[in-house]
K.L.:
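Handing you this structure, nothing more for now.
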Amino acid sequence: MPVVFDEERRLWSLQGQATTYALGVDGEARLRHLYHGPTLPRLEDLPAPDADNARFPFEPPEGPAARYEYPAWGGMFYREPCLKATFPDGVRDVRLVFDDHAARTEDGAPQLTISLRDLHYPLLVRLYYRLFEEEDLVERWTVLENAGRAPIELEQVLSATWHLPRGHGYRLTHLAGKWVGETLIHREVVTPGKKVLESRRGNTSHHANPFFAVDKGNATEEWGEVWFGALAWSGNWKIAAEHDAHGLLQISGGANDFDFSWHLEGGETFETPAFLGGYTREGFGGMSRNLHRYARKHVLPKEPPGPRPVLYNSWEATYFDVSEEGQAALAEKAAQMGVELFVVDDGWFGARNDDTAGLGDWRVNPEKFPRGLGALIQKVHSLGMAFGLWVEPEMVNRDSDLYRKHPDWVYHFLTRPRTESRNQLVLNLAKEEVKEHLFSMLDRLLSENDISFIKWDMNRPFSEPGWPEASAGRQREVWVRHVQGLYGVLRRLREAHPGVAFESCSGGGGRADLGIMRLTDQVWTSDNTDPFDRLSIQEGYSMAYPARTMMCWVADPGQWTENRRAPLSYRFHSAMMGSLGIGGNLLEWSDEELAEARRLVERYMGIRTVIQEGNQYRLLSPRDGDITAVQYVAEDRSRSILFVLRHPTRFQDPVPTVYPRGLAEGSLYRVTGMEDIRSGRSLMGWGVEVLLEGDLASTMIELTEVGG
Ligand code: GLA
C-alpha cells in the first residue's frame, strides 16, 4: 500500500520503493512533518506526531521542535512561513488545524490530500501529495480556498516546506550562473541563517535554477544520503533553506513572495506550483537518475512521441540575415548530413533586420521570403526534413506595428520610463486580450504553415511590472498571472496542434524548470555553444533535468560566444550528450567536415535512445580535473555509451582509469576499440583505459552486451 493511514495515531506514510515520507496530526490538531528517509514500512516505527514536541526554555511552542508541514505565519512562528495572509477584518495571523483527508489514485499515481482550515476564518488549505513510488519522489502543491464571502489578501503562498533530520554540517548543492554560463554547480556548508535561492526577474532566470540538494557533507556521485527538490514554476520563485542553532533545517519553496499579493475573493481558489521532493541513499547520481526518469515518465508531453530529432538551427550561421535562398542552401547541406528537423531562427518576420525592430509583428517578411514561408517549407520537406520556426511571443520592440497599435499591452508604470532591454518590452500576459492575441496569432501561424517545431524564446526579464488598469493590490498578481497566461497559451496550442513540438528558450537556459517541461519537449540549454564550456553547463543541467530535454549544438569556432577551436569530433561528443543539434554555418564546412559530420549524426541516431532514455552517470567532472567522463546506460543494461573528453593535456599525464557504472555485473560486453569481450564486473571494477592525447581530445566508447 503506497499511502498508509494510522487512524489511531493520526499519521500518514507514503511508501516509495526505497523511501518513506510521513506526517501526522498532533494533540493540538496541527499537521507535523515526521520523517523522510529510508523505507520504514512498519507504522509503529514512525515517531508519534507529538514525540518531538519537547519545550525548550525560552522558546515558543512553534519554536525549534515544531516541524510543521505547511507553516503559516501566526502565533510565535518566526521562520519562513508557507502562508501569510490578511483577513477582511485586518487580522494578519493564520492558525491552521487539521480538517479532513482523502487518498486516491490520480493518473496512475497515489495521491493524498490533507485539508486544513483556519481556526476562525473561512480559509481552507488543501495540501496535495502525489507519490511516484518507482522514482521515490513526492510532488507537493497546495490549493487555498476562500469559503466565505469577503476577500482574503494573500501575501505569501509557498508550495511546501521540506524538513531534514535535526543535525549540523549539512551541505547545500544548487545551480547558479549567468547568460552563457547557466546551471553551474555550487556546493556549500549550511550554517545557521537563511540562504535564499530565487528569481525576481519574471522568468526562471539564468542566475539561479529552482533546484536544491542537501546532503550530510559526505555524499558523492554514487553514495550517500541526499534530500533534494525542484519547483515546477517558470516565473519568480524562491527556495529558502533555513537552519538554526537547534539543528533544524527546513527548505521552503514556491512562487516568490517578493512583490507578490493575491486578492482571493469569496468562492475563489489559488493553486500553487508543485514542489517536487525526494530522498536517496545513492548520492547525487542516484538523485539525478530518479529526477530524469520522473521527468521523462511523468512531466514531458507524450505527443509527439519518439526520440528527439537531430535538428539544424541557422541562428549562428545567418543571424538576422535570413532569406529563402540562404536558408534553402543551408537546408541542402543539413539534409546531406542526415538532419531531421530544419529550424529557421530569428529574423524571418516583420521589419526584423536586427534586434531593434519587428518583435510582435509575426508576419513573414516579404523581402526575405517573397513566396511566403510555404516555398521554403516545401523545399525542406522535399529534402526529407521537418520544418521548425523561432518565435518570441511575449515580447515587442517599441519599433513594431503591434506596439504602435497597443502601447498599453506592455507592463509599465504610468509615471516611469519603460526600460528596454535588447530593445524590447514585455507584454502583459495578465490581460485576457493579450493572451487571446498570442493564441490566435500562433494558432494561425501553425494552421497556415506545415510547422513541426516551435522554438519559444523570451529574451529579457521584467521591469516596471505595472498593470495600470488593475487596482494597486491586484497589480502584484502579474508575476503569477504571467506564468499562468504563458502556460495557458502553450496548453491551448498543444491541444490544437498535437503534432508540434516546442523548445523552451530564454536567451539560452533562462527558462529551464519542471513547470515549462510539462508543456515543452526540450530546452535550449545555453547560448554558449563552446564545446568545453558546455561540459560544465551540461553537468549542472543534468543534476536536475534529463538529457532528452538538453538541446546541444555543434557550432563553429569564433561566433558570438567566442567558441574555442575544437576538433569537429570533440564538438560532436560534447553535443551528443543531450539532444543533438547542428548550429554551424554549413556553407563554410569542407567536404571532409561534412562527411565526418554525416558519420557522427548517423552514429548518434544509432545510440540516441540510450542517451535520451537511459540512466546517466557523471563519472568524472569538469570541475575536478582535466577529464570529463559521462556515461549513459540503457534501462535493460544491454547497451551503454561512454564519453571521455580531455582539456588540456599537461605534463604528458595519461587519462586516469575510467570506471563505468550501472552495467549488469554478470553480463559480457563488447567495447568499441577493444579486442576483448569483458564482463560488467570487470568493466566496473578494473575500469577502462582510455588513450587521449592533446588538447580537446575526446572519444566515444560503446559497450554492447553480447552474452551472460
Ligand atoms: C536568443 C536565443 C538564441 C537566438 C536569439 C535570436 O538569444 O537564445 O538562440 O534564438 O535569441 O535573437
Side-chain angles (χ1 to χ4, degrees), residues 177-183 201-207 209 234 311-323 326-327 330 341-362 365 368 387-397 399-400 420-426 451 453-461 501-513 516 520-531 533-534 537-538 541 549-556 558-563 575 578-585:
K178 58 179 184 181
W179 178 70
V180 302
E182 299 88 334
T183 54
R201 293 164 189 265
N203 61 348
T204 319
S205 119
H206 299 81
H207 305 259
N209 189 273
S234 315
L311 69 72
Y312 176 80
N313 180 299
S314 60
W315 170 243
E316 290 190 5
T318 52
Y319 296 107
F320 296 100
D321 191 14
V322 296
S323 66
Q327 297 297 304
L330 286 165
L341 168 66
F342 183 84
V343 184
V344 176
D345 209 277
D346 201 347
W348 59 269
F349 53 91
R352 187 77 168 163
N353 296 316
D354 53 33
D355 61 16
T356 61
L359 278 183
D361 302 337
W362 302 103
N365 180 307
K368 298 177 181 180
F387 183 81
L389 199 61
W390 178 95
V391 290
E392 195 181 355
E394 296 150 88
M395 299 289 161
V396 280
N397 284 119
D399 185 1
S400 67
E420 291 173 34
S421 171
R422 212 191 185 208
N423 309 300
Q424 59 197 63
L425 298 163
V426 189
I451 294 173
F453 175 86
I454 288 286
K455 175 176 171 184
W456 183 302
D457 210 339
M458 195 270 198
N459 273 320
R460 66 152 291 180
F502 289 76
E503 177 172 283
S504 167
C505 174
S506 182
R511 195 144 68 188
D513 60 80
I516 203 72
T520 54
D521 305 80
Q522 62 192 47
V523 173
W524 180 224
T525 319
S526 176
D527 276 350
N528 190 335
T529 51
D530 175 80
D533 283 358
R534 265 298 185 116
I537 296 171
Q538 294 176 184
Y541 184 97
T549 64
M550 186 173 79
M551 195 63 219
C552 316
W553 296 350
V554 176
D556 289 338
Q559 302 306 330
W560 65 331
T561 56
E562 289 162 28
N563 296 353
S579 268
L580 177 66
I582 317 286
N585 186 353

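Note that ligands are numbered from 1 as they come in the structure, with each ligand's atoms numbered from 1 the same way. Along the sequence shown, residues are numbered consecutively beginning with 1. Every value quoted in this text rests on a predicted model; they were computed, and no experiment measured them.
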K.L.:
Looking at ligand 1, does any of its N/O atoms fall within less than 3.5 Å of an N/O of Ser506?
P.N.:
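No: no nitrogen or oxygen of Ser506 is under 3.5 Å from one in ligand 1.
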
K.L.:
N/O to N/O below 3.5 Å, does that happen between Trp315 and ligand 1?
P.N.:
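By distance alone, the answer is no.
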
K.L.:
Looking at ligand 1, would Met551 count as a contact under a 4.0 Å heavy-atom criterion?
P.N.:
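It does not, in that no heavy atom of Met551 comes within the 4.0 Å cut-off of ligand 1.
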
K.L.:
Quick one: pull up CH2 in Trp362 and CG in Leu359 and give me the separation to the nearest 0.5 Å.
P.N.:
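One finds 5.0 Å between CH2 of Trp362 and CG of Leu359.
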
K.L.:
Please could you name the atoms of ligand 1 that Gly508 approaches to less than 4.0 Å, counting only its heavy atoms?
P.N.:
8 (O)

K.L.:
Between Cys505 and ligand 1, is there a nitrogen or oxygen pair with a distance under 3.5 Å?
P.N.:
no

K.L.:
For Gln327 and Ser314, does a side-chain donor sit closer than 3.5 Å to a side-chain acceptor?
P.N.:
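Yes - a donor-acceptor pair under 3.5 Å links their side chains.
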
K.L.:
For ligand 1, which atoms, with element, lie under 4.0 Å from some heavy atom of Trp524?
P.N.:
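Taking each heavy atom of Trp524 in turn, ligand 1 has 8 (O), 9 (O) under 4.0 Å.
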
K.L.:
Show which atoms of ligand 1 fall inside a sub-4.0 Å distance from at least one heavy-atom site of Asn459.
P.N.:
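Near Asn459, meaning under 4.0 Å from one of its heavy atoms, ligand 1 has 1 (C), 7 (O), 11 (O).
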
K.L.:
List ligand 1 atoms under 4.0 Å from Lys455, heavy atoms only on the residue side.
P.N.:
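In order of number, 3 (C), 4 (C), 9 (O), 10 (O).
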
K.L.:
Where is the nearest protein heavy atom to atom 2 (C) of ligand 1: which residue, which atom, and how far?
P.N.:
Asp457 OD2, 3.1 Å

K.L.:
Tell me the protein heavy atom at minimum distance from atom 8 (O) of ligand 1, and give that distance in Å.
P.N.:
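Nearest protein contact, heavy atoms only, for atom 8 (O) of ligand 1 is Asp527 OD1, 2.5 Å.
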
K.L.:
At a non-hydrogen distance cut-off of under 4.0 Å, which region of Asn313 contacts ligand 1 (side chain, backbone, both, or neither)?
P.N.:
neither

K.L.:
Would the number of heavy atoms belonging to other residues, nucleotides or ligands and lying under 6.0 Å from CD of Glu562 be above 12?
P.N.:
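No, CD of Glu562 has 12 or fewer neighbouring heavy atoms, counting only those of other groups under 6.0 Å.
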
K.L.:
Please round to the nearest 0.5 Å and tell me the distance separating atom CE of Met395 and atom CG of Asp457.
P.N.:
8.5 Å

K.L.:
Using atom types as modelled and distance alone, determine if a side-chain donor or acceptor of Asn313 lies under 3.5 Å from a backbone N or O of Val343.
P.N.:
no

K.L.:
Answer with yes or no whether Glu392 contacts ligand 1, where contact means a heavy atom under 4.0 Å from a ligand atom.
P.N.:
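Heavy atoms of Glu392 never come under 4.0 Å of ligand 1.
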
K.L.:
Return the minimal non-hydrogen interatomic distance between Ala501 and Asp521, and the atom names on each side.
P.N.:
CA-OD1, 3.3 Å

K.L.:
Mind checking whether Trp456 and Phe502 have parallel, tilted or perpendicular rings, split at 30° and 60°?
P.N.:
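Correct class here is tilted.
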
K.L.:
Are any of the N/O atoms on Asp346, whether in the backbone or the side chain, positioned under 3.5 angstrom from an N/O atom of ligand 1?
P.N.:
yes

K.L.:
Where is the tightest heavy-atom contact between Asp355 and Asn423, given as atom of each residue plus distance?
P.N.:
OD1-ND2, 2.8 Å

K.L.:
For the aromatic rings, using the six-membered ring if either is Trp, is the centroid distance between Phe320 and Trp315 under 6.0 Å?
P.N.:
yes

K.L.:
Identify the protein heavy atom lying closest to atom 4 (C) of ligand 1, giving its residue, its atom name and the separation to 0.1 Å.
P.N.:
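It is Asp345 OD1, 3.3 Å.
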
